[in-house]
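Everything below concerns the one structure shown next.
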Amino acid sequence: MRKICLFIAMSLDGYIADTKGGVDWLQGQGSDNENLDTYSEFTKNIDTILMGWNTYHQIVTELSPKEWVYNDFTTYVITHNEQTSSEKIHFININPCDFIKKLKEENGKDLWICGGANLVQQLVDEDCIDDYYITIIPTILGSGIRLFESAEHEIKLRLLQTRSYNGMIDLIYTRR
């Protein structure tokens with residue numbers, strides 16, 4: 001069965017974006033040659049991405065406006081906005097947990113929850129995430145968009161792996 005994986009970075013104090021939604025602080029403490037390619041390693045087992053509208057909009061307007069960076073994947077954007085879907089990007093207005101449960105039963109590789117906070121919170125509230133890949137960035141933002149808000153219930157996790165590089169720490173957890 002496919003797994004639902006959250007792969008995301010956050011500040012040391014738990015934010016995934018600053019107060020204006022910016023992510024230009026997402027970097028380590030030194031040069032890029034000190035980084036590991038955790039993204040390529042993670043995406044070997046992924047064929048589908050789910051994201052919320054704000055994440056999609058930020059990618060296409062700020063982070064990569066000239067080309068869609070996730071062409072190797074099928075992407076579903078959970079949104080109330082009416083948009084025209086393409087072969088690789090599908091805009092859907094559906095309960096994300098119900099949709100994920102359906103996708104989980106289909107053949108394929110694992111699913112990546114790419115962001116944002118609203119989508120993550122809905123999935124946490126329904127305990128739909130199997131694995132949590134979280135990179136801690138050596139920055140304290142003080143405010144912004146939190147990764148986890150108040151949970152409706154406790155979710156116990158098991159630490160599978162940690163890695164440290166360039167001042168960042170990768171944490172990989174699975175549900176117990």
Side-chain angles (χ1 to χ4, degrees), residues 2-28 32 35-100 102-104 108-125 128-139 141 143-149 166 168 170-172:
R2 302 167 86 177
K3 286 186 173 186
I4 310 303
C5 305
L6 173 65
F7 182 84
I8 202 162
M10 71 178 189
S11 65
L12 182 61
D13 53 347
Y15 296 99
I16 59 171
D18 63 25
T19 55
K20 295 179 182 170
V23 294
D24 58 346
W25 54 272
L26 285 173
Q27 56 193 338
D32 282 344
N35 287 334
L36 297 175
D37 188 5
T38 57
Y39 173 81
S40 294
E41 184 180 322
F42 171 76
T43 58
K44 285 179 189 174
N45 299 318
I46 299 294
D47 65 2
T48 306
I49 298 173
L50 277 85
M51 65 180 66
W53 171 259
N54 290 340
T55 300
Y56 168 79
H57 188 259
Q58 184 175 41
I59 291 168
V60 299
T61 60
E62 288 176 47
L63 304 177
S64 183
K66 293 185 189 312
E67 72 175 301
W68 182 243
V69 293
Y70 300 127
N71 268 330
D72 295 337
F73 310 97
T74 300
T75 300
Y76 293 95
V77 180
I78 310 293
T79 181
H80 299 292
N81 295 317
E82 295 276 334
Q83 297 289 321
T84 303
S85 296
S86 66
E87 181 183 339
K88 287 292 192 177
I89 305 170
H90 307 276
F91 298 93
I92 58 174
N93 183 1
I94 190 170
N95 177 300
C97 293
D98 293 342
F99 184 66
I100 282 176
K102 178 181 150 286
L103 286 178
K104 200 170 178 174
K109 294 181 178 181
D110 295 341
L111 294 94
W112 170 18
I113 307 305
C114 182
N118 187 331
L119 175 60
V120 170
Q121 189 63 48
Q122 291 178 64
L123 299 177
V124 167
D125 287 345
C128 292
I129 300 172
D130 297 306
D131 293 337
Y132 294 76
Y133 293 74
I134 299 175
T135 300
I136 307 296
I137 305 298
T139 300
L141 287 178
S143 63
I145 300 170
R146 273 206 181 281
L147 177 55
F148 301 112
E149 289 295 336
N166 197 5
M168 299 180 289
D170 286 342
L171 303 167
I172 302 174

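Values below: every heavy atom of this structure, side chains too, minus hydrogens, waters and symmetry copies.
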Compare every heavy atom of [Y] with every heavy atom of [X], then report the nearest pair and how far apart it is.
X: Ser143; Y: Thr19; value: OG-CG2, 3.1 Å
X: Ala117; Y: Ile16; value: N-CD1, 3.7 Å
X: Leu119; Y: Gly52; value: CD2-N, 3.8 Å
X: Arg146; Y: Glu149; value: CB-OE2, 3.2 Å
X: Leu63; Y: Pro65; value: C-CD, 3.8 Å
X: Ile137; Y: Gln27; value: CG2-O, 3.2 Å

Listed partners of Lys109 passing side-chain contact (heavy atoms from CB on, under 4.5 Å), at least two apart: Asp47
Less than 4.5 Å apart, side chain to side chain, heavy atoms only: is that true for [X] and [Y]?
X: Trp53; Y: Val77; value: yes
X: Leu171; Y: Tyr132; value: no
X: Asn81; Y: Phe91; value: no

Report the distance from atom [atom1] of [X] to atom [atom2] of [Y], rounding to the nearest 0.5 Å.
X: Cys128; Y: Ile113; atom1: SG; atom2: CD1; answer: 8.5 Å
X: Asp13; Y: Ile136; atom1: CG; atom2: CD1; answer: 10.0 Å
X: Cys5; Y: Ile49; atom1: SG; atom2: CD1; answer: 12.0 Å
X: Leu50; Y: Ile92; atom1: CG; atom2: CD1; answer: 6.5 Å
X: Thr79; Y: Asn93; atom1: OG1; atom2: CG; answer: 7.0 Å
X: Trp112; Y: Met51; atom1: CH2; atom2: CE; answer: 7.0 Å

Whether Phe99 and Tyr76 hold their rings parallel, tilted or perpendicular, with breakpoints at 30° and 60°: perpendicular
Aromatic plane relationship, Phe7 with Phe42 - under 30° parallel, 30 to 60° tilted, over 60° perpendicular: parallel
Intermediate values then yes/no, side chain to side chain donor-acceptor pair (under 3.5 Å), Gln122 and Asn118: CA-CA 6 Å; Gln122 291 178 64; Asn118 187 331; 2.8 Å; yes
Keeping the roles fixed (side chain from [X], backbone from [Y]), state whether a donor-acceptor pair exists under 3.5 Å.
X: Thr139; Y: Ser11; result: no
X: Gln58; Y: Gly21; result: yes
X: Ser64; Y: Glu67; result: yes

Partner residues of Asp131 under the salt bridge (Lys or Arg N to Asp or Glu O under 4.0 Å) criterion, sequence neighbours left out: Lys3
Partners passing salt bridge (Lys or Arg N to Asp or Glu O under 4.0 Å) against Asp170 (at least two apart in sequence or in another chain): Arg163
Arg2: which of Asp110, Asn45, Asp130, Thr48 passes side chain to side chain donor-acceptor pair (under 3.5 Å): Thr48
Aromatic ring proximity Tyr56/Trp68, centre distance under 6.0 Å: yes
Trp25/Tyr15 aromatic ring centres below 6.0 Å: no
